[in-house]
2 protein chains.
Amino acid sequence: MNTVNAVAALAALAQEHRLTLFRLLVKAGESGMPAGEIAQTLGVPSSSLSFHLAQLRNAGLILQERQHRSLIYRANYQAMNGLVAFLLENCCAGTDCGPAAACDTAHPERKSA
Amino acid sequence: MNTVNAVAALAALAQEHRLTLFRLLVKAGESGMPAGEIAQTLGVPSSSLSFHLAQLRNAGLILQERQHRSLIYRANYQAMNGLVAFLLENCCAGTDCGPAAACDTAHPERKSA
DNA sequence: AGCTTATTTCGACATTTCTAGAATAGTCGT
DNA sequence: ACGACTATTCTAGAAATGTCGAAATAAGCT
């Protein structure tokens, strides 16, 4: 993670619809949500939603996967952790003041191990 | 922390100069830095810097304090932690997957306790 | 092949944000 | 009070971003 990546990720999150959307996907977990369902939940026209999904995807914060006719989106926990780590990188003047991020990609209810 | 606050904070950080500036202050710690020194370090005209400092301040991410002729700025660790906590709030479908933020306002080298 | 559903891309417009010079406002020493 | 120093506000133009209808693309069904 460098400044440019971080700015892209932050800019992607710095918008009401996108932040809500991202958090929705964070909640949704590994199974993700199809674009249509997201549009409905957020009450945003599909073309607008598509624009926002693209922003988040370009920033690497969400992942896309086709499932039959629908495109399923889910949060990229790893990217999120990277961003948080970057933000708190030199927190407390470089002293290690504890773990900065702690969300694993694996999902408690779903992970095999 | 709510969505509106979070968007404000993220928007404040979603800009190359401001992100660098914020991280500079995070490194600088409790003692902070005067505006002039920041401007010099970042190579940004003072009027532009002032604009960015105001953005970060409005978002609650940095604190201002006058010291004689200089205005000293320092990172607001608490605000940062609040933001991170908000972002990872329902991480892993609400399962508590560990501490999301860990930077205390108190500074190892300076704290009394 | 043709029809239906799901989603994206295009285009045009409105809004917001960034930049930086010039003017203004506080603070201090003399 | 005056001058020097530090920093902000004002201003205007340039650049980037958000919105959403209409058209286009992709996938699956019969």
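Note on naming: letters A, B, ... go to the chains in the order of the sequence lines (proteins, then strands), and numbering restarts at 1 for each one. Only heavy atoms go into these numbers, but all of them, side chains included; no hydrogens, no water, no symmetry mates. Every value quoted in this text rests on a predicted model; they were computed, and no experiment measured them.
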K.L.:
In whole Å, what is the span from the CD1 atom of A:I72 to the P atom of D:dA27?
P.N.:
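Rounding to the nearest Å, CD1 of A:I72 and P of D:dA27 are 14 Å apart.
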
K.L.:
Using heavy atoms and a sub-4.0 Å distance, could you list which residues of residues 33-41 of chain A are near DNA chain C? By number, please.
P.N.:
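Within this stretch, A:P34, A:A35, A:G36 sit under 4.0 Å of the strand.
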
K.L.:
Could you tell me how far apart A:E16 (CD) and D:dT17 (C1') are, to the nearest whole angstrom?
P.N.:
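My rounded result for the distance is 15 Å.
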
K.L.:
Report yes if the side chains of B:V7 and A:Q15 come closer than 4.5 Å at any heavy-atom pair, otherwise no.
P.N.:
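A side-chain contact under 4.5 Å is absent here.
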
K.L.:
Would you kindly give the CG-to-P distance between A:N58 and D:dG18, to the nearest whole Å?
P.N.:
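Going from CG in A:N58 over to P in D:dG18 covers 12 Å.
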
K.L.:
Counting only N and O atoms by type, is there a donor-acceptor contact under 3.5 Å from the side chain of B:Y77 to the main-chain atoms of B:V26?
P.N.:
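Side chain of B:Y77 to backbone of B:V26: a pair is present.
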
K.L.:
Could you tell me which residues satisfy side chain to side chain contact (heavy atoms under 4.5 Å, CB included) with B:A14, sequence neighbours excluded, listed by chain and number?
P.N.:
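Partners of B:A14 under the side chain to side chain contact (heavy atoms under 4.5 Å, CB included) test: A:L10, A:A11, A:A14.
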
K.L.:
Under 4.0 Å from OP1 or OP2 of D:dA27: is there any side-chain N or O of A:S70 that close?
P.N.:
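So the side-chain polar atoms of A:S70 never come under 4.0 Å of the phosphate oxygens OP1 or OP2 of D:dA27.
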
K.L.:
Just report the end-to-end axis angle for the helix from C:dA1-D:dT30 to C:dT30-D:dA1, five pairs per end, to 10 degrees.
P.N.:
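The value is 30°.
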
K.L.:
Quick one: B:L10 CG to D:dT17 P, roughly how many Å, whole number?
P.N.:
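Taking CG of B:L10 and P of D:dT17, I get 16 Å after rounding.
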
K.L.:
Atom NE2 in A:H17, atom OG1 in B:T3: separation rounded to 0.5 Å?
P.N.:
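So the gap between those two atoms works out to 11.0 Å.
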
K.L.:
Scan nucleotides 17-30 of chain C nucleotide by nucleotide, 5' to 3', and note B when protein non-hydrogen atoms come under 4.0 Å of the base, S if they reach only the sugar-phosphate, - if neither.
P.N.:
-SBBBB----BS--

K.L.:
To the nearest Å, how far apart are A:L19 CG and D:dT17 P?
P.N.:
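It works out to 18 Å between those atoms.
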
K.L.:
Can you check whether B:T20 reaches B:L24 side chain to side chain, under 4.5 Å on heavy atoms?
P.N.:
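A side-chain contact under 4.5 Å is absent here.
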
K.L.:
Looking only at side-chain N and O atoms, does B:Y73 come under 4.0 Å of OP1 or OP2 in D:dT6?
P.N.:
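No, no such contact exists.
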
K.L.:
So, is A:Q64 close to the C:dT7 phosphate, meaning a side-chain N or O under 4.0 Å from OP1 or OP2?
P.N.:
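For C:dT7, OP1/OP2 do not have a side-chain N/O of A:Q64 under 4.0 Å.
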
K.L.:
Donor-acceptor pair, B:S50 side chain versus B:S46 backbone, under 3.5 Å?
P.N.:
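Side chain of B:S50 to backbone of B:S46, a donor-acceptor pair under 3.5 Å: no, none is there.
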
K.L.:
Rounded to the nearest 0.5 Å, how far does CG of B:L71 lie from CZ of B:R66?
P.N.:
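Result: 4.5 Å between the selected atoms.
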
K.L.:
Sequence neighbours left out, what passes side chain to side chain contact (heavy atoms under 4.5 Å, CB included) with A:S48? Give chain and number order.
P.N.:
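Here the qualifying residues are A:V44, A:P45.
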
K.L.:
Round to a whole Å and report the spacing from CG of A:L53 to P of D:dT19.
P.N.:
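Whole-Å distance recorded here is 13 Å.
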
K.L.:
Within the structure provided, determine whether B:M33 and B:I72 are in side-chain contact (heavy-atom separation under 4.5 Å).
P.N.:
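Answer no - side chains too far apart.
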
K.L.:
Which donor-acceptor pairs under 3.5 Å do the side chains of residues 51-64 of chain A make with protein atoms, sequence neighbours left out?
P.N.:
from  : atom 1 : to    : atom 2 : distance (Å)
A:H52 : ND1    : A:R18 : NH1    : 3.0
A:R57 : NH1    : A:Q64 : OE1    : 3.3
A:R57 : NH2    : A:Q64 : OE1    : 3.4
A:N58 : ND2    : A:A54 : O      : 3.4
A:Q64 : NE2    : A:Y73 : OH     : 2.8

K.L.:
Please assess A:L87 against B:L19 for the test side chain to side chain contact (heavy atoms under 4.5 Å, CB included), listing each intermediate value before the final yes or no.
P.N.:
CA-CA 9 Å; A:L87 285 175; B:L19 181 55; 3.9 Å; yes

